[in-house]
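For reference, the structure is listed below as structure tokens.
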Amino acid sequence: MTGGAGFIGRHVVRSLVQRNLEVHATATRLGGRLDPAAAWHACDLRDAGSVETLVKAVRPSHLIHLAWPVVPGGWAGEGHEANLAFVQASISLLRTFAGLGGQRVVAAGSCTEYDWSGERLAESAPREPSTFYGACKSALGDLLIRYARETGFSLAWARIFFVFGPGEPRERLVSSIASRLLKGETAPCTHGRQKRDFLYVSDVAEALSLIGLSPLQGAVNVGSGHAVEVGSLIREVARLVGRPDLVAWGAIPEPFVAPIVEADITRLSSELNFSARTTHAEGVASTVESLRGAMGDSPERSWNPSG
């Protein structure tokens, strides 16, 4: 799998090794707390020669492709060259993998591919990306799905919704609010009434593992299937930290006009019997606890990617 050292990737590695599978994972640079049960490989996916050398050496049967550049500003950031480079790198990776006998691919798409005016979004919902990142994901997904259909290759395109959990980047919702409150700082946020489909990261990893080991093909949403108010997560963070007085409601204008973004996970639930195991409250508690430890407010301990 690619992107094994990333936020979601670490959890997917753990999910796969727990199934007693032989897992080979890539990262641009090796280091930090990587799961020792997996075989790790330093590889820049933009280097086609290095990718071919690695795939020839490993000869994997399955590929889970999560790697994508982290662009400042997240989904709202542009990063044209970085995003375009990974569209090209992803196509090259898949062609190399298929050409060397690979059998099954799961590649990570995004809910940002969709037109968010539709509220509850099935895989067939209209797509109108509002960011360059979303446009690149949408275009890549169309190409890979069409390629798989016309060549008989087995591929699933996993459109991932809003992920949270231990190890998430500090600029994400739960960690951004929690880190400020833990330091005794004011935490600016939106009005919090917009609803989004959040799924705890270990549940995302479980969904991706199930998809990878199944014959499911084409686009499939990965979410909880139930959108909640952003403010409910913020209030839970503030309650756990004990500083609701520092939450500055409405200090940040809501950047997206969509009042609700919710995944229709009928495919995921009916075909793979998937449902979220972790409640939002449990997930927030685990994330805050992990962040508290990382900030030195509790005895240092190794981060457990299973949550």
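Pairs engaging residues 151-166 under the salt bridge (Lys or Arg N to Asp or Glu O under 4.0 Å) rule: E113-R159 [sequence neighbours left out]. Judged as a salt bridge (Lys or Arg N to Asp or Glu O under 4.0 Å), the pairs with a partner in residues 259-270 (not counting sequence neighbours) are, in order, R120-E262, R267-E271. Identified under the salt bridge (Lys or Arg N to Asp or Glu O under 4.0 Å) test for residues 200-223, with sequence neighbours left out: R19-E206, E206-R277.
With hydrogens and angles left out, the side-chain atoms of S286 and E289 include no donor and acceptor closer than 3.5 Å. With 3.5 Å as the limit, one finds a donor-acceptor pair spanning the side chains of R104 and S154. Between the side chains of S175 and E168, at least one donor N or O lies within less than 3.5 Å of an accepting N or O. Side-chain atoms of Q194 and T190 include a donor-acceptor pair closer than 3.5 Å.
E128 CD: 12 or fewer foreign heavy atoms inside a 6.0 Å radius. More than 12 heavy-atom neighbours from other residues, nucleotides or ligands sit within 6.0 angstrom of CZ on R59.
Taking the six-membered ring where tryptophan is involved, the planes of W116 and F162 are tilted, since the angle between them lies from 30° to 60°.
Cluster membership check: L45 does not share its hydrophobic cluster with V58, using side-chain heavy-atom separations under 4.5 Å among Ile, Leu, Val, Met, Phe, Trp and Tyr.
Contact check on R235 versus E229 returns a salt bridge, with a Lys/Arg side-chain nitrogen under 4.0 Å from an Asp/Glu carboxylate oxygen.
Residues passing the salt bridge (Lys or Arg N to Asp or Glu O under 4.0 Å) test with E22: none are found, sequence neighbours excluded. For H24, the ring-ring contact (aromatic ring centres under 6.0 Å, His included) partners are H41, not counting sequence neighbours.
Between the side chain of T287 and the backbone N or O of G283 there is at least one donor-acceptor pair closer than 3.5 Å.
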Derivation and outcome, salt bridge (Lys or Arg N to Asp or Glu O under 4.0 Å), residues E236 and R239: CA-CA 5 Å; E236 183 63 13; R239 185 189 70 80; 2.8 Å; yes
Contacts under 3.5 angstrom, residues 47-55 side chains, donor-acceptor by atom type, not counting sequence neighbours:
| unit_1 | atom_1 | unit_2 | atom_2 | d |
| --- | --- | --- | --- | --- |
| D47 | OD1 | G49 | N | 3.2 |
| D47 | OD1 | S50 | N | 3.2 |
| D47 | OD2 | S50 | OG | 2.8 |
| E52 | OE2 | K56 | NZ | 3.2 |
| T53 | OG1 | G49 | O | 3.0 |

